[in-house]
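One structure is given below, encoded as structure tokens.
Quick note on labels: first sequence line is chain A, next is B, and so on, each numbered from 1.
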Protein chains: 2
Amino acid sequence: MGVSLKDIAERAGVSLATVSNVVNGYRPVGERTRQRVQQAVDELGYSPNLSARHLRRGRTGLIALAIPELTNPYFAELAEIAIREAAGLGYTLVMENTAADGDAERLLLDGSRRQTIDGLILSPVRVGRAEVLDRRAGNPLVLIGEGVYDTPYDHIAIDNVAASHAAIRHLVAIGRRRIAFLGAPPGDDRQSAQLRLRGYREALDAAGLPFRPQLVARTDGFDRTEGRRAMGDLLALDEPPDAVFGYNDLVAIGALRALTEAGRRVPEDVAVIGIDDIEDGRYGNPTLTTIAPDKEAIGRLAVRRLVARIEGTPVTGPLTVQTPFRLIRRESTGGPTT
Amino acid sequence: MGVSLKDIAERAGVSLATVSNVVNGYRPVGERTRQRVQQAVDELGYSPNLSARHLRRGRTGLIALAIPELTNPYFAELAEIAIREAAGLGYTLVMENTAADGDAERLLLDGSRRQTIDGLILSPVRVGRAEVLDRRAGNPLVLIGEGVYDTPYDHIAIDNVAASHAAIRHLVAIGRRRIAFLGAPPGDDRQSAQLRLRGYREALDAAGLPFRPQLVARTDGFDRTEGRRAMGDLLALDEPPDAVFGYNDLVAIGALRALTEAGRRVPEDVAVIGIDDIEDGRYGNPTLTTIAPDKEAIGRLAVRRLVARIEGTPVTGPLTVQTPFRLIRRESTGGPTT
DNA sequence: CTGAAAGCGCTAACAG
DNA sequence: CTGTTAGCGCTTTCAG
């Protein structure tokens with residue numbers, strides 16, 4: 001075992017409590033004593049044993065960020081932001097990969113992990129409102145990104161319906177009429193996909209365009225592979241779409257690939273738009289038009305809210321926070337080349 | 001605070017030690033007692049306080065994976081594998097983002113974190129052999145991916161020089177003669193880049209091709225942006241290259257984008273190859289030829305080695321393990337379309 | 001401003 | 001097979 005408080009208390013000829021106060025800076029300590037202690041700390045290379053501290057304090061300093069897929073760049077980018085923010089607030093963030101699995105999500109909400117972490121940021125995809133309400137664990141929870149509303153927990157997300165409206169309006173504005181939705185969920189899972197699909201329908205309606213069920217392509221998962229496959233289905237239609245709105249950038253990128261392979265021109269034959277603004281989309285050929293959520297805001301706010309709840313700081317603002325988004329027009333809908 | 005051992009000891013009318021034994025299964029416990037204890041555990045919803053356990057055991061059950069950039073899909077994919085493997089062995093993996101910063105790496109090697117984690121998997125980019133040898137912290141360390149050899153620590157990586165040879169041989173085999181290297185490090189940092197550059201030179205030599213310094217493009221970092229910028233420099237040469245070997249897939253993808261913007265055809269005018277086999281490369285236009293490391297092997301082996309060191313299990317096999325790689329030919333060097 | 005002492009919850013000897 | 005007990009290293013009253 002390493003150097004302990006006791007070791008340096010002896011070395012500096014003071015009590016444990018004094019050393020603790022020097023290390024933590026809680027209570028004022030005489031200048032001379034402080035220096036002696038500091039010197040001992042430096043000489044012996046002391047650093048506090050966090051397990052002991054946590055045991056005593058009843059907190060671990062760990063918060064978890066649970067996301068459905070680490071390899072989705074959107075979540076990697078979000079995680080990077082959240083890790084930084086947590087570190088700045090003195091917390092260590094551990095990532096949990098739920099792999100979009102309901103059991104994994106439930107286990108995090110209630111399982112044994114709850115003893116290890118002071119709080120949880122969860123991006124739920126399988127778990128619904130009822131299960132969140134049923135939660136027994138008492139530590140703070142912040143929800144991000146999906147549509148589990150009306151719970152007693154903080155929830156930070158973009159307005160999925162409004163984002164879809166913006167995407168469709170853009171496609172309509174550039175003259176498209178047969179607009180497909182790519183990435184409808186198989187069951188009634190994945191709230192955000194339901195919401196985006198709803199936004200799609202509403203926006204078609206608002207534009208006076210008919211809703212055509214055959215233009216809604218289901219995917220099993222939301223990655224490039226599925227986007228490509230489902231785009232293939234759409235291209236096989238008698239009257240294929242002249243535009244595609246992807247549930248996220250990943251499926252949209254898969255769609256771009258399918259279009260390239262099929263020899264279709266983008267955007268001339270088919271325009272494509274996604275959501276997330278992941279970096280791949282800025283470097284593809286063509287580059288991908290997208291709805292860009294404010295990841296910085298989501299990541300930082302989620303961590304700050306969680307930490308505030310953990311520490312009992314009064315929290316201002318509503319439980320549900322809608323973060324801003326903006327449309328970034330790129331080549332896939334006829335935007336600029338650079 | 002939650003339910004403690006003591007609570008359930010009282011409830012079940014047994015001693016603390018017995019409860020502990022039931023929970024941990026260390027020592028045999030009578031069937032009747034075990035049942036009573038188990039029942040109390042279930043009724044009260046007990047789960048052990050890990051801080052206390054860690055304090056007592058002197059271990060935390062946490063291992064850290066420190067990588068230079070979480071938003072590089074290569075590392076995200078690797079992290080996903082490592083997290084899974086660690087969970088299977090009863091450890092929680094926390095990700096540390098060094099952001100390719102030397103201070104961050106040194107802090108992890110020796111800093112305060114060392115008290116929190118049982119062991120560290122580090123992908124060093126700035127820190128060299130000397131600094132690794134100087135390390136004072138005593139907990140186990142496994143190095144991955146870069147070229148810090150001849151240390152007393154386990155090291156798992158592909159053979160960078162051999163990988164470069166394979167890449168260049170491929171470009172030569174498809175008839176290229178003016179082959180550029182994209183992603184030379186600015187200083188003498190980033191060992192792996194040095195090694196890949198060395199492999200590049202050796203392979204040119206072996207193929208009887210001259211080494212032309214102007215075909216080595218430096219980048220400041222190793223992302224898409226820098227790849228694109230540096231490719232622009234190469235295109236501005238009087239005699240631009242007919243092939244580009246990128247330090248990794250990310251810079252290669254940036255190069256592809258630069259080529260598209262410049263109206264060059266790939267692979268007809270310029271062939272492109274990278275290293276890493278990230279998923280983006282499989283869905284770009286054109287798709288990217290690459291050297292694919294065995295990420296599964298690297299991620300799993302790194303965790304297994306580390307855990308073995310932590311637990312004092314005898315470790316077989318050499319300190320430095322070279323994991324296999326293979327060349328995957330795609331459109332960017334004239335490979336198949338699907 | 002500083003010290004003494006209690007105890008967070010758990011595990012691992014050691015006794016029985 | 002079960003119980004008792006001594007800490008792991010730290011923070012935090014409470015006294016001085």
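- The distance between atom CZ of A:Arg56 and atom P of D:dG9, rounded to the nearest whole Å, is 16 Å.
- In this structure, the nucleotide among D:dT11, C:dC10, D:dG9 sitting nearest to the side chain of A:Arg53 is D:dT11.
- Applying the salt bridge (Lys or Arg N to Asp or Glu O under 4.0 Å) test to B:Glu77 and every residue at least two apart in sequence or in another chain returns B:Lys295.
- Legend: residues meeting salt bridge (Lys or Arg N to Asp or Glu O under 4.0 Å) with B:Glu131, ordered by chain and number and at least two apart, are B:Arg106.
- For residues 4-17 of chain B, the pairs satisfying salt bridge (Lys or Arg N to Asp or Glu O under 4.0 Å) are B:Arg11-B:Glu43, with sequence neighbours left out.
- Taking side-chain N and O atoms only, B:Asn24 has a distance below 4.0 Å to OP1 or OP2 of C:dT11.
- Taking every heavy atom of residues 30-41 of chain A and every atom of DNA chain D, no pair lies under 4.0 Å.
- Overall bending of the helix from C:dC1-D:dG16 to C:dG16-D:dC1, expressed as the angle between end axes built from five pairs apiece, is 30° (10° steps).
- For the residue pair A:Glu69/A:Asn97, the side-chain donor-acceptor check at 3.5 Å is not satisfied.
- Every residue two or more places apart in sequence or in another chain that forms a ring-ring contact (aromatic ring centres under 6.0 Å, His included) with B:His155 is listed here: B:Tyr149.
- Residues forming a ring-ring contact (aromatic ring centres under 6.0 Å, His included) with B:Phe75 (at least two apart in sequence, or on another chain): none.
- For B:Ala82, the side chain to side chain contact (heavy atoms under 4.5 Å, CB included) partners are B:Leu65, B:Leu93, B:Val303, not counting sequence neighbours.
- In terms of the salt bridge (Lys or Arg N to Asp or Glu O under 4.0 Å) criterion, residue partners of B:Arg84 (sequence neighbours excluded) are, by chain and number, B:Glu296.
- With sequence neighbours left out, the salt bridge (Lys or Arg N to Asp or Glu O under 4.0 Å) criterion links B:Asp150 to no other residue.
- In the region residues 14-23 of chain A, proximity to DNA chain C at under 4.0 angstrom, judged on heavy atoms, holds for A:Val14, A:Ser15, A:Ala17, A:Thr18.
- As rounded to whole Å, 13 Å separates atom C1' of C:dC8 from atom CG of B:Leu5.
- In this view, B:Arg309 and B:Pro140, B:Asp154, B:Arg305, B:Val315, B:Leu319 satisfy the side chain to side chain contact (heavy atoms under 4.5 Å, CB included) rule, not counting sequence neighbours.
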